[in-house]
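Accompanying notes for the structure given below.
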Amino acid sequence: MQYTLLITGSPYQSKACHTALRFIRAALNKYPDSIKGVFFYEDAVLIGNQTAQPPRDEINLTKAWQEIAEQHKVPLYLCIAAAVRRGIINESESRRYELEQHTLAEHFQLEGLGTLVDLMNTTNKIIQFR
Amino acid sequence: MKHTLIHLNSSPYSSLACKEGLDLALVLATFEQPVDLCLSGAALAILTDNQDPTAEQGKNLHKLLAGLEFYDIENIYVEKANTWIEDNPTWQGVHSLDGAEWQTLFSQYQQVFRF
């Protein structure tokens with residue numbers, strides 16, 4: 001059985017990203033191919049901000065998710081519309097908006113909601129963390 | 001093809017949750033996925049007629065309701081117990097469910113997302 005995770009809760013105002021991280025670690029530990037992808041929507045896209053610097057004595061959530069992507073090859077998608085409106089911008093969007101900087105952290109990618117629809121139709125279950 | 005229920009429960013003016021929930025519903029419908037909506041709590045405010053929010057207050061999501069049928073989103077549910085809907089001028093495209101129907105609604109879909 002393959003799952004998609006839909007995370008909508010803010011990394012700062014909720015524990016959605018933290019709880020999903022614990023879930024995905026447990027799932028991948030037991031069933032390495034159990035997660036097809038993770039889609040971040042609403043304020044959860046803030047997880048992909050490469051310029052955020054959490055205090056050193058707190059968990060670096062962005063880094064923790066990057067490690068999941070790196071170790072398990074799980075794609076981490078951010079909704080492009082939700083991300084761009086919140087200042088999470090990759091190189092091509094940066095050029096499009098004629099900005100001088102981009103803020104998307106490594107291992108995250110901007111995708112439309114169509115990608116989420118595709119994940120819904122190609123995995124057994126989708127689990128929302130909000 | 002999975003049948004999806006989008007449950008809006010947040011105020012349309014206190015956060016982007018309602019708007020982003022509706023955006024997901026519209027994208028699902030655009031991809032010809034069957035999708036229904038249900039509203040409860042602060043999200044019911046979206047139904048109130050004659051809304052005229054300023055830019056600072058947020059987008060007028062009420063305006064989107066009339067266009068839902070063009071996306072084949074025709075089932076929008078509320079719970080009958082919300083009596084203020086009957087007492088105030090509101091959008092008439094909703095189906096009112098009694099308590100038992102409302103409770104069973106959520107188990108009729110392959111997936112339910114809350115905003």
Can you tell me if B:Gln57 uses its side chain to pair, donor with acceptor, with the backbone of B:Thr54 under 3.5 Å? yes
Checking side-chain polar atoms at under 3.5 Å, does B:Thr90 have a donor or acceptor matched by the opposite partner on B:Asn88? no
Is the A:Phe108-A:Trp65 ring centre distance short of 6.0 angstrom? no
Checking A:Thr8 against A:Gln128: is there a side-chain donor and acceptor pair closer than 3.5 Å? yes
Report, in residue-number order, which members of residues 25-49 of chain B are under 4.5 Å from chain A by heavy-atom distance. B:Val27, B:Leu28, B:Phe31, B:Gln33
B:Thr104 side-chain N/O to B:Ala100 backbone N/O, donor-acceptor pair under 3.5 Å: yes
Run the numbers on A:Thr103 and A:Thr51 for side chain to side chain donor-acceptor pair (under 3.5 Å), then give the verdict. CA-CA 6 Å; A:Thr103 51; A:Thr51 61; over 6 Å; no
What part of B:Gln111 gets within 4.5 angstrom of chain A, counting heavy atoms only: side chain, backbone, both, or neither? side chain
Are any side-chain N or O atoms of A:Arg86 and backbone N or O atoms of A:Ala82, one a donor and one an acceptor, separated by less than 3.5 Å? yes
Just to be sure I understand the criterion: a residue of residues 2-16 of chain B counts if one of its heavy atoms is under 4.5 Å from a heavy atom of chain A. Which ones qualify? B:Lys2, B:Leu16
Please report the shortest heavy-atom distance between A:Glu111 and A:Thr115, naming the atom on each side. OE1-OG1, 2.8 Å
A:Thr4 vs A:Ile127 side-chain heavy atoms within contact, under 4.5 Å: no
Nearest heavy-atom pair of A:Gln66 and A:Ala105: which atoms, and what distance? NE2-CB, 3.6 Å
